Amino acid sequence: MRNTAVYAIILALVLSSCATLQRQQTEPQPDILSGSWEMIQWMHSDDLESDFPRGVPVLEINSSQSEVSGFNGCNRLNGRFRFDRDASTLQFFALQTTKMFCLSVAENDFSRIMTLVDRYRVTGKELYLLKGDELLMVFQRKTINGVPQ
């Protein structure tokens, strides 16, 4: 009788640990792409202020809806994207912008380069957008009063 009780306790412990392990494996991981990102570097220039006199590009990424919006240095933009977290692939498509006239050529280059992105990497508070191994742009997560946006 005592052996049966010991086996029942061991079986209960094993089953509860399996259930806990399964819950831990299926919990969603934090979404590192979603949020507000401000450009701090891009492939064409070291002088972002000259390239984007109206303000540097900003991306608002919503991973759960696969939507991107923001500012390209002159106009508002919005579009869609798809990504694979495990493969670190990212592709923007269906990008649209408002049509305000701007003297800066950089905003046109920015929109074109966004369509070249095929990979990403996030380290700390920085988002790297790449085409293969070529670095295209770097964004920094925006914060307000120290809170990531």
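Owing to the predicted nature of the structure, the values given are computational and were not obtained by experimental measurement.
- For the atom pair CZ (F71) and CG (L59), the distance works out to 11.5 Å, reported to the nearest 0.5 Å.
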Would L135 and M43 count as a side chain to side chain contact (heavy atoms under 4.5 Å, CB included) here? Give the steps.
CA-CA 7 Å; L135 178 62; M43 63 182 284; over 6 Å; no
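- Counting heavy atoms from C-beta on, the side chains of M114 and L95 come closer than 4.5 Å.
- Neither L116 nor Y128 shares a network with the other; the hydrophobic side chains, linked directly or stepwise wherever heavy atoms of I, L, V, M, F, W or Y lie under 4.5 Å apart, form separate groups for each.
- In plain terms, the two heavy atoms of L129 and Y120 that are nearest each other are CD2-CB, 4.2 Å.
- Here the CG atom belonging to L136 is positioned 5.0 Å from the CD atom belonging to E134, to the nearest 0.5 angstrom.
- Rounding to the nearest 0.5 Å gives a distance of 5.5 Å between CG of L33 and CZ of F83.
- Rounding to the nearest 0.5 Å gives a distance of 9.0 Å between CE of M39 and CG of D51.
- The shortest distance between side-chain heavy atoms of T89 and D118 does not fall below 4.5 Å.
- Checked against a 6.0 Å centroid threshold, the rings of F139 and W42 do not count as neighbours.
- Remark: the backbone N or O of D47 is paired with a side-chain donor or acceptor of S45 at under 3.5 angstrom.
- The main-chain N or O of G132 is found under 3.5 Å from a side-chain atom of R119 such that the two form a donor-acceptor pair.
- Between F52 and F110, the angle of the ring planes goes over 60°, which puts this pair in the perpendicular group of the 30/60° scheme.
- Here the side chain of R141 pairs no donor or acceptor atom with the backbone of G124 at under 3.5 angstrom.
- Hydrophobic clustering of Ile, Leu, Val, Met, Phe, Trp and Tyr side chains at less than 4.5 Å, counting indirect connections, unites F81 with V122.
- L90 CG to L127 CG: the interatomic distance, rounded to the nearest 0.5 Å, is 7.5 Å.
- The pair E67-R80 meets the salt-bridge criterion, since a charged nitrogen lies less than 4.0 angstrom from a carboxylate oxygen.
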For V58 and W37, run side chain to side chain contact (heavy atoms under 4.5 Å, CB included): C-alpha distance rounded to whole Å, both residues' side-chain angles, the deciding distance at 0.1 Å, then the answer.
CA-CA 6 Å; V58 174; W37 300 91; over 6 Å; no
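- Taking CE from M137 and CG from L48, the interatomic distance works out to 11.5 Å, rounded to the nearest 0.5 Å.
- Nearest approach of R54 to C74, heavy atoms of both residues: NH1-SG, 4.2 Å.
- Heavy-atom minimum distance, L130 versus R121: CD1-N, 4.2 Å.
- A cation-pi geometry, defined here as NZ or CZ lying under 6.0 Å from the six-membered ring centre and within 45° of its normal, holds between R82 and F93.
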Before giving the answer on side chain to side chain contact (heavy atoms under 4.5 Å, CB included), spell out for V56 and E38 the whole-Å C-alpha distance, their side-chain angles and the decisive distance to 0.1 Å.
CA-CA 7 Å; V56 296; E38 183 175 70; 3.4 Å; yes
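- Side-chain polar atoms of E60 and S69 form no donor-acceptor pair below 3.5 angstrom.
- Among N108, N78, N75, the one residue that satisfies the side chain to side chain contact (heavy atoms under 4.5 Å, CB included) test with T97 is N75.
- Inspection of the N62 and S64 side chains reveals an N or O donor paired with an N or O acceptor under 3.5 Å.
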